[in-house]
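Side-chain atoms are counted along with the backbone in the values below, which use heavy atoms only and exclude waters and symmetry mates. What you see is a predicted model; the values in this text were computed from it and never measured. Quick note: residue numbers are just sequence positions, from 1. Start at 1 and go down the list; that is how both ligands and their atoms are numbered.
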Amino acid sequence: MNKYYLTTPIYYPSDNLHIGHTYTTIAADTIKKYKKLKGFDVFFTTGTDEHGQKIQEKAKENGVTPKEYVDGIVEDIKKLWETLEIDYDFFRRSTDPDHEKTVQKIFTKLYEKDEIYKSFYEGYYCTPCESFWSKSQLVDGNKCPDCGRETHIEREETYFFRLSKYRDKLLKFYEENPDFIQPESRKNEMINNFLKDGLEDLSVSRSTFDWGIKVPFDEKHVIYVWIDALSCYLTALGYETEDDENFQKFWPADVHLVGKEIVRFHTIIWPALLMALDLPLPKKVFGHGWILFDDDKMSKSKGNVIYPEPIIELYGVDAFKYFLLREFSFGQDGSFSREKFLQRLNSDLANDLGNLVSRTITMIEKYNDSLIPKPVLEEGIDKELKDMASATHKKVDEYMQEFNFSYALEEIWKLIRRTNKYVDETMPWILAKDNKKDRLDTVLYNLAESLRIVAVLLNPFMSNTSKDILDQLGVTESLSWEDAGEWGKLESNLRVNKKDIMFPRLDIEKELVKLEKANSDLIRKRKELKEKKKLEENKEVKEAKEIEEKEELITIDDFAKVKLKVAKVIDCTNHPKADKLLVLTLKIGDETRTVVSGIKEYYKPEDLIGKKVIVVANLKPVKLRGIESNGMILAAEDENGNLTLLSTLDEIEDGATIS
Ligand code: MSP
């Protein structure tokens with residue numbers, strides 16, 4: 001069986017994911033479903049990229065540890081994938097212990113092969129991108145060329161990966177594998193912007209923060225987050241572990257799907273690292289465009305972030321997936337707007353698809369007792385529909401090879417629209433009225449058969465809708481992709497089964513208000529939840545402090561400051577100048593010292609000589625009525641003023657320490 005390994009990037013759990021992030025994952029999931037239908041053995045990984053300065057700072061802002069911070073968001077991300085019915089095979093968290101261990105192994109291996117060396121780095125650092133830049137790479141003065149934010153100068157001791165030596169090898173690899181970087185324009189960008197003028201060695205460790213995987217032989221350093229993150233594609237398969245069956249089977253990756261801003265990491269740094277590790281390179285890296293909002297990058301600070309959850313809740317998973325894959329050309333940027341989304345829902349889903357399903361099933365119910373009829377009387381007009389239906393499969397296949405989801409869907413919709421037109425042309429209600437049963441049966445069969453083909457072709461994109469259509473047609477057996485390429489496979493006499501309208505027509509104005517409100521409600525809810533968590537956290541810390549203060553709790557470290565010893569009283573006299581004080585001479589191991597104590601009321605000097613007592617041995621000396629006291633002996637006193645000196649339960653040598 002042919003294998004297929006595909007990946008999404010691992011997402012930063014610095015915040016909840018927006019519709020832009022879901023784009024990559026939905027595309028990957030669609031490819032997986034398509035390949036599976038075509039009989040491939042597919043492995044699909046995704047995950048979260050949890051280390052680095054940005055996350056550490058976010059956690060600090062929220063008053064929690066980095067791990068506590070990401071745990072909550074990772075949970076939300078997993079929930080989102082579940083809602084979107086994403087069928088991934090492995091979720092890699094970069095904080096997984098087995099991942100961390102393998103990344104350390106990779107780093108050590110590279111160091112031992114002299115692919116990594118230690119030196120110093122000074123450069124322009126972009127904290128959000130975790131990247132150093134040279135002055136010539138900066139834009140608008142000192143801004144990061146990737147994200148456009150301000151950089152600052154940083155100098156630090158660092159390990160370097162010998163990236164520079166891979167420039168020619170990379171260019172040769174691109175030449176020998178012309179499809180490695182897709183779309184083509186991204187390849188040119190890589191060559192012209194990064195490779196043409198040579199590559200510099202890459203700083204691959206950081207010592208200015210510590211939320212990361214430690215360099216195993218130099219714990220002052222953490223491994224650069226991108227080496228950590230990129231390695232996830234290997235560690236997800238069990239690379240360098242005892243259980244590396246998946247690695248043996250699935251590596252190299254067939255495709256890494258990534259957004260355009262991280263193509264550089266995946267087509268320059270990643271292949272060079274793999275070459276250094278003597279591993280085969282991925283077959284393809286596809287850099288897709290960004291989903292913008294009103295032509296602007298979505299960002300929290302701009303307040304224009306669109307979250308997927310409200311859209312899915314209001315209109316369903318399939319409508320959301322359909323829109324993203326249909327509206328935008330995968331390789332290019334596109335602008336999301338709620339109006340466009342609602343318009344497509346009305347035109348493509350309600351008018352075209354929903355309408356075709358509903359009228360076909362209704363007519364079969366009405367004119368043929370709910371049974372799929374047998375086609376008996378063909379006419380010329382049928383040929384066009386049949387030819388088109390059979391050809392659609394091939395066209396969709398061709399577009400799917402290029403990950404051109406939008407055109408693939410457009411081909412399916414051409415068939416849907418053609419089939420709707422066929423209804424208008426053949427007018428089954430007239431055929432029924434005129435009692436042209438043979439012709440009517442044929443037309444109804446053709447409609448149902450066209451819908452069956454549409455349903456199979458839609459499966460990778462909109463699995464629920466696809467199943468729903470097949471259910472309504474009474475098709476119960478599972479179909480393969482190839483079944484969509486053959487006209488006439490639909491059996492007659494299946495019983496149709498009408499369901500509710502799949503995509504009701506919407507009042508766009510009303511829905512716009514609803515959608516916008518749902519998005520801001522979610523933002524508010526999440527903010528409140530964060531604040532609440534922060535407050536609770538602060539409250540807990542405050543309460544703990546108060547209890548400590550109230551009960552005068554001390555830590556074990558506080559207690560360890562007090563040096564207590566067993567001492568033997570070798571002499572004891574009354575203080576010559578004070579009524580209440582005794583002067584004791586104590587032997588503490590090899591040392592003798594004088595302690596003045598206010599216990600004359602309770603003990604006579606002769607009672608104490610030869611006794612063992614407990615002394616605080618590291619108390620600052622004080623003079624008590626002219627005599628220097630070097631320590632304090634411990635006594636217990638009850639409410640009635642009874643006092644007794646402390647001693648040990650059993651005999652023990654003086655000088656013994658107490659803890
Ligand atoms: N953690 C790194 C990836 C490491 S992979 C070894 C990262 N994470 S990210 O969360 O910032 O981005 C993850 C993916 O989401 C990227 O492919 C990025 O392009 C994509 N998108 C983020 N915003 C997007 C849009 N607005 N539109 C489309 N994709 C977007 O980079």
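- Distances from ligand 1 to the non-hydrogen atoms of G289 include at least one value under 4.0 Å.
- Looking at ligand 1, you won't find any N or O of Y11 less than 3.5 Å from one of its N or O atoms.
- Residue contact annotation: K297 has no non-hydrogen atom under 4.0 Å from ligand 1.
- Judged by the shortest distance from any of its heavy atoms, F265 lies outside the 4.0 Å radius around the atoms of ligand 1.
- Ligand 1 lies within reach of Y233, whose nearest heavy atom is under 4.0 Å from it.
- Taking the six-membered ring for Trp, Y315 and F323 have ring centres at least 6.0 Å apart.
- Distance from atom 7 (C) of ligand 1 to its nearest protein heavy atom, with residue and atom name: Y12 CE1, 3.4 Å.
- In this comparison of T7, V305, I10, the heavy atom closest to atom 4 (C) of ligand 1 sits on I10.
- In this structure, R526 satisfies the cation-pi test against Y307, with its NZ or CZ atom closer than 6.0 Å to the six-membered ring centre and inside 45 degrees of the ring normal.
- On a distance-only criterion, E261 and ligand 1 share at least one N/O pair closer than 3.5 Å.
- Checking only distances, G20 does come within under 3.5 Å of ligand 1, N or O to N or O.
- At a 3.5 angstrom cut-off on N or O pairs, I291 counts as close to ligand 1.
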